[in-house]
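All chains are named by letter (A, B, ...) in the order of the sequence lines, taking the proteins before the strands, and each is independently numbered beginning at 1.
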2 protein chains.
Amino acid sequence: MARSTAQRVAATLRDRIEGGGLPPGTQLSEEALGRDLGVSRNTLREAFRLLVHESLVVHRLNRGVFVRVLEPADVRDIYRMRGALETAGVRAAATAPHALHEAVRGAVTHAEQAASEGDWQEVGSADLRFHRALAALADSARVDAAMDRLMAELRLAFHEMPSPRRFHEPFVARNRSLAALLERGEYERAEAELTTYLDDALRLILDAMREAGR
Amino acid sequence: MARSTAQRVAATLRDRIEGGGLPPGTQLSEEALGRDLGVSRNTLREAFRLLVHESLVVHRLNRGVFVRVLEPADVRDIYRMRGALETAGVRAAATAPHALHEAVRGAVTHAEQAASEGDWQEVGSADLRFHRALAALADSARVDAAMDRLMAELRLAFHEMPSPRRFHEPFVARNRSLAALLERGEYERAEAELTTYLDDALRLILDAMREAGR
DNA sequence: GCTAAGATATTGTTCAACAATCCTCAATAG
DNA sequence: CTATTGAGGATTGTTGAACAATATCTTAGC
């Protein structure tokens with residue numbers, strides 16, 4: 001796969017951010033980072049633009065770029081958008097291609113398996129995959145892209161979660177039952193369940209953020 | 001308002017693209033445009049990144065950037081995404097702040113006035129504002145931003161519409177009746193009407209594109 | 001007419017310099 | 001003591017030129 005230098009730099013920065021090496025709020029100095037990564041300031045700036053597009057960093061004019069800090073208001077907003085996209089997926093479930101339903105099922109069983117092994121980090125990413133698969137039922141590249149950006153932003157919030165287990169465990173079963181509703185064609189109930197599901201998850205995250213001192 | 005050079009350059013390019021001065025498919029040469037606009041290649045590239053983010057142009061590695069060409073598949077995809085966002089707005093209408101409902105009403109009457117004056121271009125933008133206002137009922141900055149990007153993309157497709165009047169006229173009345181349903185609190189019916197509305201509009205655009213020879 | 005090698009043009013990337021802007025912190029006025 | 005102002009320093013914004021990498025076009029050979 002042909003990738004430009006800027007794309008490669010953006011990838012390593014993305015890893016550092018999601019890995020916690022660059023915590024939210026950190027300023028990404030052009031000179032220091034450029035020296036560190038061995039690229040010119042101009043190329044680094046191109047990489048910054050890519051990350052801004054993913055909302056992993058924010059750019060303030062004449063101030064530079066900073067790792068995104070998620071406020072409670074942001075998380076609420078993200079969940080509104082999630083609601084829009086995932087609901088769209090559920091409502092399109094009746095006419096969605098078989099492969100997309102397959103992806104939903106796969107994410108559910110993957111999460112269950114990871115849970116039985118106690119790998120809560122893996123449960124977390126399987127959960128994200130499940131929700132991405134839900135939205136993907138809408139069968140739209142733009143919905144998929146928007147959903148991917150939301151998930152990337154959410155990962156920033158997960159960093160502040162104290163116990164991944166306490167957060168993810170209750171949702172494994174709910175994923176299963178939501179998927180079951182879909183397979184049985186009970187779309188109305190699936191939609192209702194999805195709404196309360198997202199409300200509950202949002203509340204958990206906001207509580208965790210409040211405890212973590214903000 | 002403080003804007004960087006790149007932002008100003010992006011704005012003029014955006015105007016030229018939406019005004020038809022740079023038709024879809026045109027390559028934006030770095031050297032020629034830079035000379036024309038009096039900015040360096042590096043700054044022009046930053047402007048390009050902004051436009052790529054708005055999907056007004058596409059960037060092909062080692063090939064350059066080109067004004068976006070909308071395929072029928074793109075238009076279909078855009079309408080799926082629109083459906084997701086506007087439906088989300090309608091479903092949140094019950095709890096939306098008063099000011100947001102006001103915006104919906106304002107866009108409807110604005111379109112009606114422009115129609116009575118025969119200014120179909122203006123009817124077109126009022127129509128876009130109406131739909132943006134619908135999505136905005138979701139009361140989410142991210143939904144708003146996504147909707148703005150969609151509208152910008154759609155404007156590219158409108159360029160290929162032969163008769164703005166034939167396309168926009170039938171929808172003025174439908175906008176009014178949809179808004180009326182919302183005010184009466186008949187959200188289910190509003191949602192259903194919105195769905196068929198979008199289907200009809202999509203069909204019209206696809207027909208026009210086919211006629212325009214593609 | 002087709003393929004392959006070379007020439008040409010364009011983009012990708014780097015570098016160094018200067019301009020514009022923001023932040024810090026001390027000095028000053030009230 | 002607080003608030004304001006202003007210089008100084010640090011960082012980003014922008015430029016222009018240069019070279020490397022890649023794609024496209026041209027030409028030679030069959």
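Minimum heavy-atom separation, A146(B) to M81(A): CB-CE, 3.7 Å.
Judged purely by distance below 3.5 Å, without hydrogens or angles, the side chains of Y79(A) and D199(A) never pair a donor atom with an acceptor atom.
Within the 4.0 Å cut-off from OP1 or OP2 of dT13(C), at least one side-chain nitrogen or oxygen of T5(A) is found. Distances shorter than 4.0 Å separate none of the side-chain N or O atoms of Q27(B) from OP1 or OP2 on dT10(C). Taking side-chain N and O atoms only, H59(A) has a distance below 4.0 Å to OP1 or OP2 of dG13(D). Contact check, R41(B) against dT11(C): no side-chain N or O comes under 4.0 Å of OP1 or OP2. Side-chain nitrogen and oxygen atoms of R63(A) include none within less than 4.0 Å of the OP1 or OP2 phosphate oxygen of dT21(C).
Between the C1' atom of dT10(C) and the CZ atom of F66(B) lies a distance of 10 Å, rounded to the nearest Å. Counting to the nearest Å, the C1' atom of dT15(D) and the CZ atom of R35(B) are 16 Å from each other. In this structure, the CZ atom of R45(B) is 16 Å from the P atom of dG16(D), given to the nearest Å. Between L28(A) atom CG and dG13(D) atom P there is a gap of 13 Å when expressed in whole angstrom units.
In this structure, Y197(B) has its ring center closer than 6.0 angstrom to the ring center of H131(B).
Using a 4.0 Å cut-off between charged side-chain N and carboxylate O, E102(B) and R105(B) make a salt bridge.
Residues T43(B) and V65(A) each lie close to DNA chain D; by heavy-atom proximity, the contact nearer the 5' end of the strand is made by V65(A).
With hydrogens and angles left out, the side chain of N42(B) and the base of dG13(D) share no donor-acceptor pair within 3.5 Å.
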